[in-house]
Amino acid sequence: MKTIVEPFKIKMVEPIKATTAEERDGMIAAAHYNLFKLRAEDVFIDLLTDSGTSAMSAEAWAGIMRGDESYAGARSWYRFEDAVKDIFGFQYIIPAHQGRAAERILFSLTVKAGNVIPNNTHFDTTKANIEFFGGKAVDIPCPEARQLDLDHPFKGNMEISALEKLVAEHGRENIPMIMLTITNNSGGGQPVSMANIKDVSRIARAAGIPFYIDACRFAENAYFIKQREAGYENVAAIDIAREIFSHADGCTMSAKKDAFANIGGFLCTNDAQLAERETNILILTEGFPTYGGLAGRDLEAIAVGLHEILDEHYLHYRLLSTSYVVTHLKDAGVPVVYPAGGHAVYIDAQRFLPHIPPLQYPGQSLSVELYREAGIRGVEIGTVMFGSDPHTGKETPAHWDLVRLAIPRRVYTQSHMDYVVEAIGNVWERREAIRGMRIVEAPAVLRHFSAKFDWL
Ligand code: F0G
C-alpha cells in the first residue's frame, strides 16, 4: 500500500482555531514579527518544536493515573529505571526535569576552563552549558553534512579524521568527553550510522576518553540504521538501540522527544564515582535521586513512552511522514535539506529568497510569511539565532539560514501535512515579492527568543 497511514486512532481531540489572513497580519505585527511572541492558540499548525509537544497514548495516560508520588523509592521510579536500563543498558541513571538539566549536571562535574568537547554538532543548550563551565564546544560533522541537498544516508556522522586530529592535538587531559548527537538536530535531523558510532567509540576508548551520546532522538536514529545500514535489516529497533548504547560510556536524554513525554530527561553513566557526585548535585538542584525534579506520574509516562517509541510500525510511519513533506517540496523545486531528517523539515531560506542577504534575515522573513500564509509556525535557524557575538554585538552571517518545521509526534495527521506542503508552495509562488527584515530591538544573548523585527 502506498497510502501513509497513522498507526493509531484518535480518542480525544483538541480543536485548533482557524484565523483569517487579515487577523494573522495583525497578530504577527503585534508580536513584532517574532513567532515566539505569538499566543500558541493563534497558531494553526505549530511546528516550532517536536519537544514536549507529542501526543501520549492511552497507556501513558493510564500510567499518569498510576503514578506513585512517594518522595523516596516510589513504584514509578522503579518502572522508569527498569525501562531505561532495558534499552540504554547503563548502570547508573540520574533523573532530571529535562535534557539541559542532565547536561548541566554532567558538565558541571567534568568540564574545566580550556577543555575541548567534540560533537558531530552540539545542540544550542549543550554548547551553552559547556561554555558556561569554560569549555569549548567543537562541531566536526562529516563533509557531506555541509552540502544541504547531497543525497547521503548518514549525514549526521562525525568526521573521523578530524576527531583523530583533535584528540592528537589536545590530548586526553583536555578532552573530558567525546559526544555524538543522534539524530543530529542542528545538522538537519540527520542520522548517525552504527559504523560511525563504533569508530568514535574505538577512538574514545583507545584514548581513554569517555564517550557520551546525546540520545534525544535515539529511536528515529535506530530506525534509520535499520532502513539504511547493511546488516541491520532484520534487527529489531530495540536491539539496534541497545547496540548503540553498548558502545558508549554514558548519555544525556531529553524524554520530551523520543519518549513521547511532555517533560523529563535523564543522565546515564557506568562510572560509580561520577554517578555519586552527579547524585549529590541532583539532590542539591533537582530533587531526591528517585524522582529528580519529576513527578511520579511523569516517570510512569516516560517508562511507557520509551518502549512505545520503539514500535516499528510507529517509526516507519514517522520517518515516512517527514520524508513525504520533504519529497513533495523538493519535487516542487523548493530548496530543502535532503534527504529528510527524522523529526523536522528544514527549508533553505538563502536559496528560497536569494535576493535577501543573510543580514536581512531571509529565514525570519520566510517564517513570518508561512505564518501569514497559513498560520504555520516554524523557527529560524540562521543569522538571527547565531549571527550576533554576545560580547561585541558584532553581526556576521550564519553559515546557513534555515527554517525548521519540527513535527510533534502523533499530533498532526497526513492531511495537516498536505496543508503544510500546499502553504509552502503558495509562498514559493510569490517569493520574489518577499522583503528582508531588520532588527528593531534585541538583547545581547539568545536574541531570537525576544528580538523585535520590522520589514525593510
Ligand atoms: N539535545 C538536543 C539534540 C536537543 O534537540 C535538545 C532540545 C536538547 C538536547 C535539550 O533538551 O529541551 O529537554 O532541555 N531540543 C528542542 C528543540 C528544544 O526544539 O530542538 P531539553
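Atoms within a ligand are numbered from 1 in the order they appear, just like the ligands themselves. Numbering starts at 1 and runs along the sequence shown.
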### Query
Angle class for the F88/F266 ring planes (parallel below 30°, perpendicular above 60°, tilted otherwise)?
perpendicular
### Message
Need the ligand 1 atom indices (1-based, order shown) with element for anything under 4.0 Å from a heavy-atom of G99.
### Response
11 (O), 13 (O), 14 (O), 21 (P)
### Query
Do Y291 and W77 make the cut of ring centroids closer than 6.0 angstrom?
no
### Message
Out of the candidates N185, T322, T49, only one should pair with H343 under the side-chain hydrogen bond (donor to acceptor under 3.5 Å, both in side chains) rule; please name it.
### Response
N185
### Message
With a cutoff of 4.0 Å, is G265 in contact with ligand 1, counting heavy atoms of the residue only?
### Response
no
### Message
Is H343 close enough to touch ligand 1? Criterion: a residue heavy atom under 4.0 Å from a ligand atom.
### Response
no
### Query
In ligand 1, which numbered atoms sit nearer than 4.0 Å to a non-hydrogen atom of K256?
13 (O)
### Query
Quick one: which of K136, H122, M177 gives a side chain to side chain contact (heavy atoms under 4.5 Å, CB included) with I130?
H122
### Task
Would you mind listing which atoms of ligand 1 come within a distance below 4.0 Å of any non-hydrogen atom of T181?
3 (C)
#### Entry: Ion pair R351/D149, N-O distance below 4.0 Å
yes
### Task
Do me a favour and list the nearest non-hydrogen protein atom to atom 9 (C) of ligand 1 with residue, atom name and distance?
E103 OE2, 3.3 Å
### Task
Compute the shortest N/O to N/O distance between R404 and ligand 1 and return yes if it is under 3.5 Å, no if not.
yes
### Query
Which residue and non-hydrogen atom of the protein lie closest to atom 11 (O) of ligand 1, and at what distance in Å?
K257 NZ, 3.2 Å
### Message
How far is atom 1 (N) of ligand 1 from the closest protein heavy atom, and which atom is that?
### Response
D214 OD2, 2.7 Å
## Note on the structure
Closest heavy-atom approach to atom 10 (C) of ligand 1 among T121, T49, T125 is made by T125
### Query
What is the nearest protein non-hydrogen atom to atom 14 (O) of ligand 1, stated with its residue, atom name and distance?
R100 NE, 2.7 Å
### Query
Taking the six-membered ring for Trp, are F107 and F132 ring centroids under 6.0 Å apart?
no
### Task
Within a distance under 4.0 Å of any heavy atom of S51, pick out the atoms of ligand 1 and give their elements.
16 (C)
#### Entry: salt_bridge(R372, E369) N-O dist < 4.0 Å
yes
### Message
Looking only at protein heavy atoms, which one is nearest to atom 18 (C) of ligand 1, and what is the separation?
### Response
F123 CZ, 3.8 Å
### Task
Please determine if T126 has a nitrogen or oxygen closer than 3.5 Å to a nitrogen or oxygen of ligand 1.
no
### Message
I need the atoms of ligand 1 closer than 4.0 Å to a non-hydrogen atom of S254, numbered in the order shown.
### Response
11 (O), 13 (O), 21 (P)
### Query
Taking the six-membered ring for Trp, are F44 and Y371 ring centroids under 6.0 Å apart?
no
### Task
Using a cut-off of 6.0 Å, state whether more than 12 heavy atoms not belonging to H313 lie near its atom NE2.
no
#### Entry: Side chains of I28 and L38 in contact at under 4.5 Å (non-hydrogen atoms)
yes
